[in-house]
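Report on the following structure.
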Amino acid sequence: MMTPFAKKVYSIVAKIPLGQVRTYKWVAKCAGRQRASRAVGTILKNNPYPLIIPCHRVVKSNKTIGGYIYGEKRKKMILELEKGIAICLANKE
DNA sequence: CAAACTATTCAGC
DNA sequence: GCTGAATAGTTTG
């Protein structure tokens, strides 16, 4: 099921640049419900395309890992990888 | 750490 | 439809 709030969340999260991270609160605020940070987490884990939605770029407010379908450890690893990729792209340009 | 709060979903009635 | 419970959170104490 796709609620308007979820749609907005997907659109916003999908636009997060490589190597960048956002917080659940930030996403919730952009989606129009700053207090719905919790719903963002539930939505992201129930998202229809967990592979094309960079949920690993969404973290808690204190930058700690909230959760991840493949495990918090993978999420952290992916974040480090993307950070390196972003630097590589920046150097190339 | 525990409690309250929030938006959404799900099971039961 | 409503209520109660649950969730990858946040805030307050």
Side-chain angles (χ1 to χ4, degrees):
Chain A
M1 186 179 180
M2 293 287 291
T3 60
F5 178 66
K7 280 187 184 178
K8 216 153 193 176
V9 169
Y10 295 134
S11 302
I12 294 165
V13 174
K15 283 174 188 165
I16 299 178
L18 190 75
Q20 296 282 310
V21 295
R22 295 291 183 269
T23 62
Y24 290 99
K25 194 172 67 174
W26 184 92
V27 175
K29 183 178 172 184
C30 280
R33 296 285 187 279
Q34 206 203 327
R35 300 184 273 254
S37 51
R38 202 175 192 185
V40 175
T42 4
I43 287 167
L44 285 183
K45 79 168 179 178
N46 286 299
N47 79 66
Y49 309 109
L51 299 178
I52 69 171
I53 301 286
C55 5
H56 54 266
R57 293 181 202 154
V58 184
V59 297
K60 302 208 305 182
S61 297
N62 54 324
K63 301 296 176 64
T64 55
I65 308 298
Y68 192 48
I69 41 184
Y70 301 141
E72 305 175 14
K73 197 172 171 185
R74 294 261 182 107
K75 183 169 182 176
K76 197 171 178 181
M77 186 180 69
I78 294 171
L79 282 174
E80 293 291 318
L81 285 175
E82 292 205 342
K83 198 164 59 178
I85 294 171
I87 293 172
C88 260
L89 292 177
N91 279 333
K92 232 169 68 174
E93 300 294 334

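Chain letters run A, B, ... following the sequence lines, proteins first and then strands; every chain starts at 1. Only heavy atoms go into these numbers, but all of them, side chains included; no hydrogens, no water, no symmetry mates. As the structure is a computational prediction, the values presented were derived from the model and not from experiment.
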Atom [atom1] of [X] to atom [atom2] of [N]: distance rounded to whole Å?
X	N	atom1	atom2	value
A:Asn62	C:dT12	CG	P	14 Å
A:Arg35	B:dA7	CZ	C1'	11 Å
A:Lys60	C:dT11	NZ	P	11 Å
A:Leu44	B:dA7	CG	C1'	13 Å
A:Lys8	B:dA7	NZ	C1'	15 Å
A:Asn46	B:dA7	CG	C1'	13 Å
A:Trp26	C:dG9	CH2	C1'	16 Å
A:Tyr24	C:dT7	OH	P	15 Å

By the 4.0 Å heavy-atom rule, please label [X] as base, sugar-phosphate, or nothing.
X	value
A:Ala36	sugar-phosphate
A:Phe5	sugar-phosphate
A:Gly67	base

[X] side chain, from C-beta outward: closest of [options]:
X	options	value
A:Arg38	B:dC5, C:dT11, C:dA8	B:dC5
A:Lys25	B:dT8, B:dT6, C:dT10	C:dT10
A:Ser37	C:dG9, B:dT8, C:dT7	C:dG9
A:Ser61	B:dT8, C:dA8, C:dT10	C:dT10

Search all heavy atoms of A:Val13 against all heavy atoms of A:Pro54 and return the closest pair with its distance. O-CG, 3.2 Å
Can you check whether [Y]'s main-chain N or O pairs, donor with acceptor, with [X]'s side chain at less than 3.5 Å?
X	Y	answer
A:Tyr24	A:Gly66	no
A:Arg57	A:Gln20	no
A:Lys60	A:Thr23	no

Under 4.0 Å between a Lys/Arg side-chain N and an Asp/Glu carboxylate O for A:Glu72 and A:Lys75? no
As its Watson-Crick or G-U partner within any shown strand, both distances under 3.5 Å, B:dC5 has C:dG9
